[in-house]
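Written below as structure tokens is the structure these notes are about.
First the proteins, then the strands, lettered A, B, ... as listed; each starts at 1.
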Number of protein chains: 2
Amino acid sequence: MDEKHKSRPASVPPSPNERPTLKTIAFMTGLGITTVSRALKDAPDIGAETKERVRLVAAQVGYHPNRAGVRLRTGKTNVISLILSLEEEFIGLTSPMVVGISEILAATQYHLVITPYSARSDPLDPVRYVLDTGAADGVIISRTEPKDPRVALMMERNFPFGTHGRTEMGHVHPFHDFDNERFAYDAVRMLVERGRRRVMLLHPPPSLTYHMHMRTGFERGLRDFGATSVPFNTVDLDNSLADIRAACEAVMRAPGAPDGVISGSGGGAVALVAGIEAAGLKLARDVDMVSKQSNDFLQWLRPEVITLREDFRLAGRELAKAVIARIEGQPSAELQTLSFPVLQN
Amino acid sequence: MDEKHKSRPASVPPSPNERPTLKTIAFMTGLGITTVSRALKDAPDIGAETKERVRLVAAQVGYHPNRAGVRLRTGKTNVISLILSLEEEFIGLTSPMVVGISEILAATQYHLVITPYSARSDPLDPVRYVLDTGAADGVIISRTEPKDPRVALMMERNFPFGTHGRTEMGHVHPFHDFDNERFAYDAVRMLVERGRRRVMLLHPPPSLTYHMHMRTGFERGLRDFGATSVPFNTVDLDNSLADIRAACEAVMRAPGAPDGVISGSGGGAVALVAGIEAAGLKLARDVDMVSKQSNDFLQWLRPEVITLREDFRLAGRELAKAVIARIEGQPSAELQTLSFPVLQN
DNA sequence: TTCAAAATCTGTAACGATACAGTTGTCTTG
DNA sequence: CAAGACAACTGTATCGTTACAGATTTTGAA
């Protein structure tokens, strides 16, 4: 009654309810699997008419190449890995970046995989993981340091990546950065324009590259606009909001308190405002403040704070584009972008 | 001079610098590839001593199973997909969820893939994509509706998933939800305790399941504590902050303005505060406000607002655990959790 | 001593895709 | 009209893993 069942010859019709594969299309068109594969990649040795027919059938049956098949054969994962620190303090900043990255990847074959690490572990671990297991075709990292071992490792292995922030090792690699020097410089200018002269800066942690950028802009601003610095080195943006608030209140109560404050992030600004007010001072009257900000909350609740916007979503888009371009072989030197502070409202 | 090169017999030593595979371990132990595979899975037909030896060598060379190989052969992707709306308004809420999910997945073989969709497209699209391409072993979705077509589809296909929020279709599926009914009920109580009687609610969009939960709790609270409702139906939490502010200001200036306000989210609360103050009213004096909140900003800048915390990070953890358990066959009924409002400070 | 059962181990064939090395058949060209 | 060139297509092996069906050795009961 039944036919032979031993081994399925190439011409057996694929069962209708399963995912279509190259074999499905090969059967439907009467072509070989290889031909179908090459037709879909627009290879030069396939006839134009055949290509058209294959494309049509493929679209018809809703063919998507099996990612595992491609990955196993070619090593191409079609994955971009975003390496994220899980600390609550940073996640607020990085989440609009996820949106930007997704926006770009949506139009491509790439998927976005979140590769986390905790502050307690070595930041090199996730990078090593991706490199050793071939988990992705490209990587995006944040919190870049001047001598960043992650960058060194990926450069050495010639692995495509982009960094949010610059490095200072003489390596040319894709990056997107916010011009923090300009930010701090402009911030000092705006404070001096409001008659402020004694300025204090809540800076990023010293280990990160942009710490120096911000300091440089700050000090250049002090010189150019004739202001002086009030030391505020007991805390940085990685400290808890409570610590920042306490430190700020202390400075504000001390003799020679600042009349101008610059915050390197919106979260820090909130704590600084609380510290200022806890010291019995009033924004805009006793103290002016300039903050870097990426969401609207601060603006809504303390419109007196002057806000310069950093667009993290844009950063995500730029980094995603850069990493993909790098994967496709474009030179790193062409994949470096900078964005600039924008006065909010 | 050189040996035969035609075809590599099974006993050819794998080159030392490449990723170890089963073949590597097979060569080193002198066993067959199959034996190694089964030894690593602790199969019953492999000797105890052999298993130990294989495990040792595998650890020694740092063996990780090739994901593409496993996926191609078994269909198991070891991926959990988080389906995310890319609208800025929601991403703030979902980002702590990413942290929670990552915390759980970090201890497993699972990777987290972000599958985005935009409000302009069909929310079913990303679900269909995952189902049709087999892109993941499990899915997490948010913004659940009472009759959610995504849930219906995944139930029909018997595909593991968890939802942030409940549905009302008579389907038993894993979920984690915040008790929004209790939140609104408690909020009314707290306002009445402060002498407020005319209460207004900024509610979630009516399409989402928790809209009804929140309304129910709200109305039950009104009855139980003897307050009345001030209509506020022109906007909901999906509107822009500017729209919410404007609507709030209008209500506050109108006759019969509320003296108590409840906000279904922290972002909305910020806009409401701005609206209240634009109308010349003062928090705690003229109006009291209770808000659901997941970050600290509101607390720092308007401590007068009473804040009930919803822990999104916990939600991420619970959902990740639930989906994995579901994948492993645990019944859905055991994978439903609820979390409760916690008074901040 | 014999032989079936149990305990261990192993080769082969897939999963779906692609690199590579052919195989056709047609068309120039001298 | 032979023969090389070219265009269009195809079979085989392979990536790393696991299901399946043996194969071999050991054990133990009769």
Side-chain angles (χ1 to χ4, degrees), chain A residues 5-12 14-15 18-27 29-54 58 61-78 109 132-135, chain B residues 5-12 14-15 18-27 29-54 58 61-78 109 132-135:
Chain A
H5 274 290
K6 289 190 56 169
S7 79
R8 326 206 315 173
S11 56
V12 156
S15 86
E18 276 164 23
R19 250 192 98 182
T21 69
L22 289 179
K23 199 195 229 164
T24 316
I25 302 174
F27 175 78
T29 55
L31 294 163
I33 294 176
T34 302
T35 311
V36 174
S37 172
R38 300 187 54 68
L40 288 173
K41 334 195 96 56
D42 202 20
D45 63 349
I46 306 294
E49 199 188 328
T50 305
K51 283 180 189 168
E52 201 42 57
R53 201 156 55 92
V54 169
V61 299
Y63 171 74
H64 296 278
N66 179 307
R67 304 189 127 234
V70 175
R71 182 164 169 178
L72 182 55
R73 181 65 239 244
T74 66
K76 182 115 209 271
T77 62
N78 286 299
Q109 285 301 305
D132 291 349
T133 63
Chain B
H5 274 291
K6 289 188 59 170
S7 78
R8 327 207 313 174
S11 57
V12 157
S15 85
E18 274 164 23
R19 247 191 102 184
T21 69
L22 290 178
K23 199 192 217 162
T24 316
I25 302 175
F27 174 79
T29 55
L31 295 163
I33 293 176
T34 301
T35 310
V36 174
S37 171
R38 299 187 54 68
L40 289 173
K41 331 194 102 55
D42 203 19
D45 64 347
I46 306 293
E49 199 190 328
T50 305
K51 283 180 190 169
E52 202 42 57
R53 199 155 56 93
V54 169
V61 299
Y63 170 76
H64 295 278
N66 179 307
R67 304 190 126 233
V70 175
R71 180 165 169 177
L72 182 57
R73 180 66 238 244
T74 65
K76 182 113 210 270
T77 62
N78 286 299
Q109 285 303 303
D132 291 349
T133 63

Worksheet item: At how many degrees, to 10°, do the end axes of the helix from C:dT1-D:dA30 to C:dG30-D:dC1 meet when each uses five pairs?
Response: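 Roughly 60°, once rounded to the nearest ten degrees.
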Worksheet entry | Which nucleotide in D:dT10, C:dA17, D:dT17 has an atom nearest any side-chain atom of A:Thr34 |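 Nucleotide nearest to A:Thr34's side chain: D:dT10.
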Discussion item. From the set D:dT17, C:dG16, C:dA17, return the single nucleotide nearest to any side-chain atom of A:Leu72.
Written reply: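 Ranking D:dT17, C:dG16, C:dA17 by closest atom to the A:Leu72 side chain puts C:dG16 first.
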Rounded distance (Å) that lies between atom [atom2] of [N] and atom [atom1] of [X]:
| X | N | atom1 | atom2 | result |
| --- | --- | --- | --- | --- |
| B:Leu31 | C:dC9 | CG | P | 7 Å |
| B:Arg71 | D:dC15 | CZ | C1' | 15 Å |
| A:Leu22 | D:dC9 | CG | C1' | 15 Å |
| A:Glu18 | C:dG16 | CD | C1' | 13 Å |
| A:His64 | C:dA17 | NE2 | P | 12 Å |
| A:Asn78 | C:dA17 | CG | C1' | 12 Å |
| B:Leu40 | C:dT8 | CG | C1' | 16 Å |

Worksheet entry | CG-CZ distance between B:Leu72 and A:Arg71, expressed to the nearest 0.5 angstrom |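 Here the interatomic distance stands at 11.5 Å.
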Worksheet item: How long is the span from the CG atom in A:Asn66 to the CZ atom in A:Arg19, to the nearest 0.5 Å?
Response: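 Reported value, rounded in 0.5 Å steps: 5.0 Å.
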Item to complete: Would you mind telling me which residue lines up with the more 5' stretch of DNA chain C, A:Arg73 or B:Gly69, judged by nearest nucleotide?
Response: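 With A:Arg73 and B:Gly69 compared, the 5'-side residue is B:Gly69.
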Discussion item. Under 4.0 Å from OP1 or OP2 of D:dT18: is there any side-chain N or O of B:Ser37 that close?
Written reply: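 Answer is yes, contact under 4.0 Å.
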Considering every strand and a 4.0 Å limit on heavy-atom distances, what is the contact class for [X]: base, sugar-phosphate, or nothing?
| X | result |
| --- | --- |
| A:Ile33 | base |
| A:Thr21 | sugar-phosphate |
| B:Thr35 | base |

Practice prompt. Take B:Arg53 and B:Leu31, measure what side-chain contact (heavy atoms from CB on, under 4.5 Å) needs, and give me the verdict at the end.
Written response: CA-CA 11 Å; B:Arg53 199 155 56 93; B:Leu31 295 163; 4.1 Å; yes
Discussion item. Does anything in residues 41-52 of chain B come within less than 4.0 Å of DNA chain C? Heavy atoms only, and list the residues if so.
Written reply: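 Per residue number, the list reads B:Asp45, B:Ile46, B:Gly47, B:Thr50.
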Discussion item. Against B:Tyr63, only a single residue in B:Ile25, B:Val36, B:Thr24 fulfils side chain to side chain contact (heavy atoms under 4.5 Å, CB included); can you say which?
Written reply: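 Of all the options given, the one that passes is B:Ile25.
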Discussion item. If the condition is side chain to side chain donor-acceptor pair (under 3.5 Å), which residues does A:Thr50 pass it with, not counting sequence neighbours?
Written reply: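 Applying side chain to side chain donor-acceptor pair (under 3.5 Å) to A:Thr50 gives none.
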Worksheet entry | Contact summary for B:Thr77 and B:Gly134, nearest pair of heavy atoms |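 Heavy atoms only, the tightest pair is CG2-O, 3.2 Å.
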Worksheet item: What closest approach, in Å, do B:Gly62 and B:Pro20 show between heavy atoms, and which atom pair accounts for it?
Response: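 In terms of heavy atoms, the two residues are closest at O-CG, 3.7 Å.
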Worksheet item: Is any side-chain heavy atom of A:Arg67 closer than 4.5 Å to a side-chain heavy atom of A:Asn78?
Response: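 In contact.
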Worksheet item: Can you find a heavy atom in the side chain of B:Leu22 that is under 4.5 Å from one in the side chain of B:Leu40?
Response: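 Yes, close enough: below the 4.5 Å cut-off.
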